[in-house]
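These notes are about the structure you will find just below.
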2 protein chains.
Amino acid sequence: MQTSTRDRIVVAAARLLQRQGYVGTGVKQIAQEARATLGSVYHFFPGGKEAVAVAAIEHSGREFAALLATALDSRPDPAEAVDACARLLAEELRASGWIDGCPVTAAALETLGTDSEIQRACAAALHDWERLVADKLLRGGFPADTAGELATTVISTLEGAEVTAQVRRAEEPLLAAGRQLARLLRSYEIAPAEAR
Amino acid sequence: MQTSTRDRIVVAAARLLQRQGYVGTGVKQIAQEARATLGSVYHFFPGGKEAVAVAAIEHSGREFAALLATALDSRPDPAEAVDACARLLAEELRASGWIDGCPVTAAALETLGTDSEIQRACAAALHDWERLVADKLLRGGFPADTAGELATTVISTLEGAEVTAQVRRAEEPLLAAGRQLARLLRSYEIAPAEAR
DNA sequence: CGGTCTCTAAAACGAACGCTCTATCCAGAG
DNA sequence: CTCTGGATAGAGCGTTCGTTTTAGAGACCG
């Protein structure tokens, strides 16, 4: 077999969670989409649905982090790099028919009241992404304190713009967010040669 | 009876939708929370669960619009006004124990694949909020085209920052977003006296 | 070959889901 | 008073949920 059953379950769960959220996704549906059986799911994930979701979110988190890192490294200037991220997100979102948004937002919002492991996984993914942006800003010469606050805002804005773009079924919100974020970063007027 | 049964159903549904999303909220739970019975719910909303959700989202949309308008009008300067919005959201979010976030995001994300009336209601609410911000910017002297793009970005950023704040259980993301949005608006250096 | 272990397969459980249905209540019109 | 129609009440429909359970398939070691 090409890919292991366990991996197929994680990948299928990740996509379904991204599209329908945690409550909206059934275990049987995950098994079917992964071309596995219910028994296999509970064999690999004795923790049940929640354990599958945690693994799926961690998978999505790593996947998105890799995409983010690629986009950020595509331009040396942080402002241009952030704008490139927004444009890449817009492109992928439209290609998916506006349904493949942020892989953790939907699951995170649904499980806020219930102190589950899912929240912890979502928070970890978010923190990971912010760290990638903060590193880019630091390498671009931003001071440490403003880099942290800016990274938080960049991720928040991209997150919100993605949701807005999905609801509106248009790329505009993401493109606008990219342009405005780039303008915001440039307003700090960091000397580009200051990179360590 | 003080408040009508119908109103109690809408209000209860709005709060439950905000906290648990559409799929996570049951019709029986709505009835119980509203101190109504299942029969009453289906009497006032023959369209079933979806009809209740649409009414609840429209209610939440109007409620949030009023809150937004108040915060925006509290300061004459658009930059300060947007920052005030972020601080108000942070305060309310913390007061609710980080569970009462944006009233439409959760429901919107869950129903993206299904072309239901719920999406339309969410999109209408978002558009309404953006219009409020855009009006404020226009009154502050911003040119029409940049006011529109900025309003979209402001709402997106607040939306994303609210989600981040909920997941992190901290006000920081919202406060940072407010500060950075204010800085972004000030970067346009609009003459404050230009307001008509 | 027998024995063992991982993995797959599917039936079945109680609980909860959205919704329909009938019965009852009760204010106001005649 | 009776009659009527909006509002309330809740039992029960079929379905799906997450999970458990039992049985079998296939590979590996002695």
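Chain naming here is simple, since letters A, B, ... match the order of the sequence lines and numbering starts at 1 in each.
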In whole angstroms, the gap separating C1' of C:dC7 from CD1 of A:Ile9 amounts to 11 Å
Given 3.5 Å as the limit, does a donor-acceptor pair link the side chain of B:Thr25 with the main chain of B:Gly21, or not? yes
Per B:Thr37 side chain, nearest of listed nucleotides C:dG18, D:dG18, D:dG10: D:dG10
Can you check the A:Phe45 CZ to D:dT19 C1' distance for me, whole Å? 16 Å
The nucleotide from D:dA11, D:dA7, C:dT6 with an atom nearest the side chain of A:His43 is C:dT6
Report yes or no: does A:Lys136 contribute a side-chain atom to a donor-acceptor pair with the main-chain N or O of A:Asp77 at less than 3.5 Å? no
Which part of the nucleic acid, if any, lies within contact of A:Gly39, taking any heavy atom under 4.0 Å across all strands shown: a base, the sugar-phosphate backbone alone, or nothing? base
Would you say that more than 12 heavy atoms from the other residues, nucleotides or ligands in this model lie under 6.0 Å from the CD of A:Gln29, or not? yes
Mapping B:Arg35 and A:Gln29 to their closest nucleotides on DNA chain D, which lands nearer the 5' end? B:Arg35
Tell me the interatomic distance from A:Lys28, atom NZ, to C:dT8, atom P, rounded to whole angstroms. 19 Å
Proximal nucleotide (of D:dG18, D:dA7, D:dT20) relative to the B:Phe44 side chain: D:dA7
d(CG, A:Asp7; C1', C:dC7) in whole Å: 15 Å
Would you confirm whether B:Gln119, through its side chain, and B:Ala108, through its main-chain N or O, come within 3.5 Å as a donor-acceptor pair? no
Round to the nearest Å and state the distance from B:Ile30 atom CD1 to C:dG18 atom C1'. 11 Å
Student check: side-chain heavy atoms of B:Val23 and B:Thr111 closer than 4.5 Å: no
Give the nucleotide from the list D:dA7, C:dC19, D:dT19 with an atom nearest to the side chain of B:Lys49. C:dC19
At 4.0 Å (heavy atoms only), tell me whether A:Tyr42 reaches a base, stays on the sugar-phosphate, or touches nothing. base
N or O in side chain of B:Thr5 less than 4.0 angstrom from D:dT8 OP1/OP2: yes
Has B:Ser40 got a side-chain N or O lying under 4.0 Å from the OP1 or OP2 atom of D:dA7? no
Please give, in whole Å, the distance from C:dT8 P to A:Gln32 CD? 17 Å
